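Okay, structure first, notes after.
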Amino acid sequence: MPIKKVVIPAAGLGTRVLPATKVVPKEMLPVADKPAIQYVVEEAAASGITDITFITSRNKRAVEDHFDDQPELRAALAAKGDEGKLSKITEPSTLARFNYVRQQEPLGLGHAVLMARSVIGNEAFGVLLGDDLIVHPPRPGLGQLIDVHQRTGASVIAVMRVPREDTARYGVVTVDADEQLDARTFRVRDTVEKPSPDEAPSDLAIIGRYIFTPRIFDLLEKVEPGAGGEIQLTDAIRELSRQEPLYAYEFEGMRYDIGDPVGLLTTSIAFALEREDLSPQVKAYLRTLDLE
Ligand code: G1P
């Protein structure tokens with residue numbers, strides 16, 4: 001069955017980007033001229049997803065509003081005949097059908113995904129994390145995982161090779177060298193959340209794109225608080241890898257981490273440089289900088 005539903009956790013406090021996120025949800029911070037979360041929703045839509053469930057929390061109303069109609073603004077732009085801006089504000093609400101589930105307490109990523117259980121039901125689904133932007137035209141990051149799921153019927157997680165000294169920022173996988181499907185697709189034997197470099201079982205880090213069979217919900221129900229005292233998705237994934245086939249897929253494309261101020265800034269510049277309408281002026285500005 002094709003994957004049609006995804007969960008996008010958007011309930012985090014965004015403390016790495018304070019004070020910008022004191023009032024504004026981190027998902028709404030701009031990358032070039034779009035809220036970061038819109039790129040993630042566009043990736044899902046381009047991967048064939050029709051139903052998106054956001055896990056939100058207090059202070060995340062702006063996310064709901066962004067993917068809704070804005071009648072006053074729409075009327076004002078229509079009256080001016082400004083078709084370009086009109087399509088910019090109407091497009092987000094057309095990308096998918098949206099559901100919202102509130103997480104009342106920040107109990108962890110695993111807990112957030114579990115909150116979507118009743119909306120997803122008993123079918124395979126995707127998860128996209130908003131801190132990770134993946135760019136790979138023409139096949140989007142999530143779409144690549146969906147292709148592996150179609151081949152195998154199994155759960156699939158995106159991985160990327162990272163420098164050893166960075167493993168404590170990620171979930172890290174142990175793969176089975178004898179059960180590799182192809183150069184990019186590995187059978188997972190174990191996972192660990194945020195291991196120190198000397199404890200990390202490999203340099204293959206989990207990046208925020210996942211396809212799960214609904215079994216993950218049963219496992220999330222049982223997971224005890226792990227790293228950071230939170231209900232970790234990675235701990236349920238470890239159990240999943242013991243109960244059914246699970247693949248790690250080394251995706252093609254560029255990944256941008258916008259979870260901290262430097263990542264947010266550099267991603268904004270990189271995305272602006274890819275835009276025909278923005279890049280000449282941004283390049284002209286960058287050339288004026290004396291960086292020594
Ligand atoms: C989350 C996951 C982690 C994964 C990372 C990717 O961590 O728990 O396994 O490697 O996203 O960005 P977070 O960055 O939310 O701490």
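Ligands are counted one by one from 1 in listed order, and the atoms in each one are counted from 1 as well. As the structure is a prediction and not an experimental result, all values here were calculated from the model.
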Is it the case that the side chains of S279 and E274 hold a donor-acceptor pair, with the cut-off being a distance below 3.5 Å and no angle test? no
E199 and S196 side chains, donor-acceptor separation under 3.5 Å: yes
Per-atom contacts of ligand 1 with R255, taking only distances under 4.0 Å to non-hydrogen atoms: 12 (O)
Distance below 4.0 Å between atom 15 (O) of ligand 1 and any protein heavy atom? no
Could I get the full list of side-chain hydrogen bond (donor to acceptor under 3.5 Å, both in side chains) partners for Y210, not counting sequence neighbours? none
Is there a polar contact between ligand 1 and I206, counting only N or O atoms under 3.5 Å apart? yes
Looking only at N/O atoms, are D132 and ligand 1 under 3.5 Å apart anywhere? yes
Examine the side chains of Q180 and R187 and answer whether a donor and an acceptor come within less than 3.5 Å of each other. no
If you take the nearest heavy atom of each of E193, M160, R16, which one is closest to atom 8 (O) of ligand 1? E193
Test applied, side-chain contact (heavy atoms from CB on, under 4.5 Å); reference residue, V148; option that passes from I211, I157, V156: V156
Relative to atom 7 (O) of ligand 1, which among R209, E230, K194 owns the nearest non-hydrogen atom? K194
Test side-chain contact (heavy atoms from CB on, under 4.5 Å) applied to A10 - qualifying residues, sequence neighbours left out: E27, F54
Side chain, backbone, both or neither: L129 near ligand 1, heavy atoms under 4.0 Å: side chain
N or O pair under 3.5 Å between T234 and ligand 1: yes
